[in-house]
Colleague: 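Just dropping this structure here.
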Amino acid sequence: MEELINITFPDGAVRQYQKGSSAIDIAKKISEGLARKVLAADVNGVTWDATRPINNDTSIKFLTWDDINGKSTFWHSSAHLMAEAIQSMFPGVKFWVGPPLENGFYYDVDLGENVIAEEDLKKLEIKMTELARQNNNYVRKEISKKDAVQYFADKGDEYKLDLLGGLNDGEITLYSQGSFTDLCRGPHIPATGIIKAVKLTAIAGAYWKGNENNKMLTRIYGVTFPTQKELDEYLVLLEEAKKRDHRKLGKELELFTFSEKVGMGLPLWLPNGTMLRERLQQFLQKAQTEAGYLPVITPHIGHKNLYVTSGHFEKYGKDSFQPIKTPQEGEEFFLKPMNCPHHCEIYKSSPRSYKDLPLRFSEFGTVYRYEQHGELHGLTRVRGFTQDDAHLFCMPSQVKDEFKKVIDLVFYVLKSLGFTDYTAQISLRDKIDRSKYIGSDENWEVSEKAIIEASAEKGLKTVIEYGEAAFYGPKLDFMLRDAIGRKWQLGTIQVDYNLPERFELTYIGEDNARHTPVMIHRAPFGSLERFVALLIEHCAGKFPLWLTPVQVKILPISEKFLPYAENVLNALKIADIRAVIDDRNEKIGKKIRDTELAKIPYMLVIGEKEVQNENIAIRRQGKGDLGTKSMAEFIAMVNEEVENKRAFE
RNA sequence: GCCAGUGUAGCUCAGUUGGCCAGAGCAGCUGAUUUGUAAUCAGCUGGUCGGGGGUUCGAAUCCCUCCACUGGCUCCA
């Protein structure tokens, strides 16, 4: 007699199926097409193998390639497939872990004496495709801890034994496909044949358990897809990302450079880059002035004692540049790694009343940190950079309001720069372990609540992460997606109880008693270097008109029209439009081509006709000839575009 | 710092079974041309082949070492 179970679908429908049916069995009853797409199933909120029998009443959701969990299952299984290929190529290697990532997967392998090079990846890909074609099933097997230990001890696999050490009997499973068996929680896709396209992307070293004192394993990164077409699209996206690389564009557009002689990780801003950066700075400065910020300037070095007081010396001393010594015995200065200690001293320079608060000190402060060689990367990871920093000193009761104002400012910045796709993460204290945090429980609760409420009231999409707060306070970080969907970590707003205490900052309250203010760090851009890098990649070097270094290039057809070109240039200068003349002895086609490649938004072609008609022929970068207009019309057009901060396209 | 890879002119790149004075295009300079919407022609300049050491009759090419750059390095089965 058949036993039946009740299965609840996402739409609320409940249907009965034979006990022991798998998600695939159930999907097949609905349609063969669906069954082919099912990679895994969400069973009562847990991701399961699509082939695993279901014995109880449950809710179920089929997971396909379109679900994040479907993708990760697919990539996790792909990691196993890659492991099988590696094993066949290098028998006897040992495996650590092979998790899925946001965009693919990796596996950490101890290759023993073997060395794998980039050209081996091709061979591995071919092997993986071969194994995938065998269409072997991924088979789940529950095993007792004792048997599992026995199994891996026999194999001499210390890595899996290490993992087993942390697992309880009764929750241990093995997964096999083809000739490969792995200790694995699963779940996995039904069979290897679903993996149709394979690309191994990188090979890297990774310390075992991420600890640099441990042995270095070889990490192989890859990505797989259910169709070749999707892989091709992915590769096109990678190409697109390459074209947008800020290091490449920075060189081509003459924005910045690096010099070995100056020192690595120390960017040199060229005139074009400087104009862009200063424009961003002016833009934010104006917004901040309107929001009640007060500008301050502090020096590039500070006495060692300053950083001892702030705690930065203890925490970051070894990651700093070596101290600067003076003829004075025992005196040491450090390049400033942060602006906050200086700002705290500015706060202290005068007695403060509750009537002065909130007090908002802002500074585009350049800081220096010693990043390890391998960490350096273009403008995004450097040793000297400028933060769009500000420190808000306020009463605990003002935290929420200040957060709302900062969120407004960030919204304004993002909108002005054409970023529409962003989220935020609220980082709070660990729910249980509170020993590592400084500051009173009461203050923490007030601030955490303030951040959550401020974000909600501003309609910000947020994710709350417990245990991610800094030891000195909770924070709100902005994450945004650029034009081709890549995620960037942007500015941050952080509450800090630590520094006001360390610097013994106070204000006189309404009650005529001394109180400690709360400090809020905030940087909408994060750093100008990083933000410019993001902006370059977001708009592929085609900056919006209001930011671009050169807005207009005047292209005379021949030297004969230079005088008229000068007139045009003067008119533009008076109108505050950034323009230059291409007075080279070149043909117009050449001038246009060079200007197009330099991504300068507007070209004004000037020849006999324009001189005669007292107008200009306008050409837009990437769009071609726009016809003729009078100077007044053109200036109005440019001004409108600048005022509305239009994105380039 | 560690793993893997790369390093030839300002830029993009040829050249490696070790062998004439190391090449091209672009950029730059000089001259000719005075030009109508993505490259006018000609000539010239420019490199201790990342630095140092070694092997060799001979090294851009092979070995060692240092430097810089690129992709990674706490997403625990």
Side-chain angles (χ1 to χ4, degrees), chain A residues 72 75-76 79-80 83 95-108 111 115-121 148 152 157 159-167 171-175 182-188 201-221 242 245 247-248 251-252 254 257-261 263-265 319 370-378 555-562 584-598 603-610 617-627:
Chain A
S72 21
W75 281 327
H76 186 188
H80 279 230
F95 296 92
W96 171 232
V97 296
L101 303 169
E102 199 179 322
N103 250 316
F105 57 88
Y106 69 79
Y107 217 120
D108 280 348
L111 289 171
V115 176
I116 192 165
E118 307 262 346
E119 57 261 32
D120 295 321
L121 293 183
F152 287 106
D157 191 333
Y159 298 103
K160 297 298 172 184
L161 286 173
D162 183 89
L163 286 170
L164 276 168
L167 300 176
E171 61 179 27
I172 295 167
T173 50
L174 298 181
Y175 275 83
D182 201 359
L183 174 69
C184 183
R185 170 173 44 199
H188 283 283
T201 47
I203 173 166
Y207 297 108
W208 184 44
K209 296 189 182 182
N211 183 333
E212 59 185 323
N213 298 316
N214 285 343
K215 183 169 183 178
M216 179 158 281
L217 306 176
T218 303
R219 175 172 297 181
I220 302 171
Y221 286 88
K242 236 187 200 163
D245 191 313
R247 292 165 303 182
K248 180 173 173 284
K251 196 178 270 181
E252 283 172 11
E254 297 180 5
T257 186
F258 289 91
S259 148
E260 255 185 66
K261 230 171 194 160
M264 47 208 219
D319 301 323
Y370 183 82
E371 302 284 355
Q372 294 193 95
H373 296 180
E375 302 270 7
L376 301 173
H377 178 93
L555 311 178
I557 302 271
S558 87
E559 281 170 13
K560 285 192 285 194
F561 312 110
L562 263 178
R584 294 177 305 168
N585 186 358
E586 290 290 351
K587 295 179 87 167
I588 193 66
K590 169 73 166 166
K591 292 185 182 182
I592 286 171
R593 179 180 157 79
D594 288 348
T595 314
E596 288 278 348
L597 292 176
M603 284 154 265
L604 301 182
V605 177
I606 282 166
E608 189 64 46
K609 283 184 285 188
E610 287 71 28
I618 303 165
R619 189 187 159 95
R620 177 90 205 199
Q621 201 273 354
K623 297 226 169 87
D625 197 345
L626 300 187

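The chains referred to below are lettered A, B, ... by the order of the sequence lines, with proteins before strands, and numbering in each begins at 1.
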Colleague: How close or far is atom C1' of B:rG71 from atom CD1 of A:Ile220, stated in whole angstroms?
Modeller: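 After rounding, the gap between these two atoms is 14 Å.
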Colleague: A:Lys261 has an atom NZ; how far is it from atom P of B:rG10, in whole Å?
Modeller: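 Roughly 13 Å, once rounded to whole Å.
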Colleague: What is the distance, to the nearest angstrom, from the CD atom on A:Glu586 to the P atom on B:rG36?
Modeller: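 It works out to 14 Å between those atoms.
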Colleague: Between B:rG1 and A:Tyr207, counting only base atoms on the nucleotide and side-chain atoms on the residue, is there a donor-acceptor pair under 3.5 Å?
Modeller: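 It does, because a donor-acceptor pair links the side chain of A:Tyr207 to the base of B:rG1 below 3.5 Å.
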Colleague: Within the 4.0 Å heavy-atom criterion, would you say A:Arg219 contacts the bases, only the backbone, or no part of the nucleic acid?
Modeller: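 Result for A:Arg219 = sugar-phosphate.
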Colleague: Between A:Arg593 and B:rA39, is there a contact of a side-chain N or O with OP1 or OP2 at under 4.0 Å?
Modeller: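 No, outside the criterion.
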Colleague: Check whether any side-chain N or O of A:Lys591 sits under 3.5 Å from a backbone N or O of A:Pro556 as a donor-acceptor pair, and report yes or no.
Modeller: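 Such a contact is found between A:Lys591 side chain and A:Pro556 backbone.
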Colleague: Applying the Watson-Crick and G-U wobble criteria at under 3.5 Å, what pairs with B:rU48? Answer none if nothing qualifies.
Modeller: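 Pairing partner: none.
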Colleague: Mind checking if A:Phe95 touches a base, just sugar-phosphate, or nothing, with heavy atoms under 4.0 Å?
Modeller: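 Answer is nothing: A:Phe95 stays at 4.0 Å or more from every strand.
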Colleague: Indicate, with a heavy-atom threshold strictly under 4.0 Å, whether A:Lys587 touches base, sugar-phosphate, or nothing.
Modeller: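 Base contact.
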Colleague: Base, sugar-phosphate or nothing for A:Leu164? Non-hydrogen atoms, less than 4.0 Å.
Modeller: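 Contact class for A:Leu164: none.
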Colleague: Name the pairing partner of B:rG25, where a pair is Watson-Crick or G-U wobble with both distances under 3.5 Å, or state none.
Modeller: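 Check on B:rG25: paired to B:rC11, both distances under 3.5 Å.
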Colleague: Under 3.5 Å, side chain of A:Gln621 to main-chain N/O of A:Glu596, donor-acceptor pair present?
Modeller: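 Between the backbone of A:Glu596 and the side chain of A:Gln621 there is a qualifying donor-acceptor contact (under 3.5 Å).
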Colleague: What is the distance, to the nearest angstrom, from the CG atom on A:Asp594 to the C1' atom on B:rA38?
Modeller: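 Whole-Å distance recorded here is 9 Å.
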Colleague: Without decimals, in angstroms, what is the distance between A:Leu121 CG and B:rC3 C1'?
Modeller: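 Distance check: A:Leu121 CG to B:rC3 C1' gives 14 Å.
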Colleague: Which base sits across from B:rG31 as a Watson-Crick or G-U pair, both distances under 3.5 Å?
Modeller: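 By the stated definition (distances under 3.5 Å), B:rC41 pairs with B:rG31.
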Colleague: For B:rU6, which nucleotide in any strand shown is its Watson-Crick or wobble partner with both distances under 3.5 Å?
Modeller: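 B:rA68 is the nucleotide pairing with B:rU6.
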Colleague: Look at all strands and tell whether A:Glu610 reaches a base, only sugar-phosphate, or nothing, counting heavy atoms closer than 4.0 Å.
Modeller: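 Since a base atom lies under 4.0 Å of A:Glu610, the category is base.
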Colleague: Could you tell me how far B:rU6 sits from B:rU61 if I compare only their P atoms? Round to whole Å.
Modeller: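 My reading of the P atoms in B:rU61 and B:rU6 gives 14 Å.
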Colleague: Looking at B:rU37, I'd like to know if its phosphate oxygens (OP1 or OP2) sit under 4.0 Å from a side-chain N or O belonging to A:Lys590.
Modeller: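 No, no such contact exists.
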Colleague: Does A:Arg247 have a side-chain nitrogen or oxygen under 4.0 Å from the phosphate oxygens OP1 or OP2 of B:rG71?
Modeller: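 So the side-chain polar atoms of A:Arg247 do come within 4.0 Å of the phosphate oxygens OP1 or OP2 of B:rG71, strictly under.
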Colleague: For B:rC75, does either OP1 or OP2 sit under 4.0 Å from a side-chain N or O belonging to A:Tyr106?
Modeller: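 For B:rC75, OP1 or OP2 has a side-chain N or O of A:Tyr106 closer than 4.0 Å.
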Colleague: When all nucleic acid strands are considered with a 4.0 Å heavy-atom cut-off, which category describes A:Thr173: base, sugar-phosphate, or nothing?
Modeller: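 Counting heavy atoms under 4.0 Å across all strands, the contact made by A:Thr173 includes a base.
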Colleague: Please tell me if A:Lys560 has a side-chain N or O lying less than 4.0 Å from either OP1 or OP2 of B:rU35.
Modeller: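 So the side-chain polar atoms of A:Lys560 do come within 4.0 Å of the phosphate oxygens OP1 or OP2 of B:rU35, strictly under.
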Colleague: What is the nucleic acid contact for A:Glu254, judged by heavy atoms within less than 4.0 Å: base, sugar-phosphate only, or nothing?
Modeller: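 No contact.
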Colleague: So what does A:Glu102 touch, heavy atoms closer than 4.0 Å: a base, only the sugar-phosphate, or nothing?
Modeller: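 Touches nothing.
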Colleague: Which whole-number value in Å describes the distance from A:Leu626 CG to B:rA38 P?
Modeller: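 Answer to the nearest Å: 13 Å.
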Colleague: Please work out if A:Ala206 contacts a base, only the sugar-phosphate, or nothing of the nucleic acid, heavy-atom cut-off 4.0 Å.
Modeller: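 It contacts sugar-phosphate atoms only.
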Colleague: Give one of base, sugar-phosphate or nothing for A:Gly589, where a contact means two heavy atoms less than 4.0 Å apart.
Modeller: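 The answer is sugar-phosphate, as A:Gly589 gets under 4.0 Å only of primed atoms, P, OP1 or OP2.
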Colleague: Within the 4.0 Å heavy-atom criterion, would you say A:Met216 contacts the bases, only the backbone, or no part of the nucleic acid?
Modeller: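 Base, at least one base atom sits under 4.0 Å.
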Colleague: So does A:Glu608 pair up with A:Lys560, basic N to acidic O under 4.0 Å?
Modeller: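 A salt bridge is absent here (no side-chain N lies under 4.0 Å from a carboxylate O).
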Colleague: What integer distance in Å separates A:Trp208:CH2 from B:rG72:P?
Modeller: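 So the CH2-P distance, A:Trp208 to B:rG72, works out to 25 Å.
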Colleague: For a quick check of understanding: with a heavy-atom distance under 4.0 Å over all strands, which category does A:Ile588 fall into, base, sugar-phosphate or nothing?
Modeller: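 Sugar-phosphate only.
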Colleague: Nearest whole angstrom, please: distance from the P of B:rU12 to the NZ of A:Lys242.
Modeller: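 Interatomic distance, NZ of A:Lys242 to P of B:rU12: 14 Å.
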Colleague: Looking at B:rU55, which nucleotide sits across from it as a Watson-Crick or G-U wobble partner, both distances under 3.5 angstrom, or is there none?
Modeller: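 Its partner is none (no Watson-Crick or G-U wobble pair with both distances under 3.5 Å).
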Colleague: Determine the contact category for A:Lys609: base if any of its heavy atoms lies under 4.0 Å from a base atom, sugar-phosphate if only primed atoms, P, OP1 or OP2 are that close, otherwise nothing.
Modeller: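 Since a base atom lies under 4.0 Å of A:Lys609, the category is base.
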Colleague: Would you please confirm or rule out a distance under 4.0 Å between OP1 or OP2 of B:rC76 and any side-chain N or O of A:Tyr159?
Modeller: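 Looking at the OP1 and OP2 atoms of B:rC76, neither is under 4.0 Å from any side-chain N or O of A:Tyr159.
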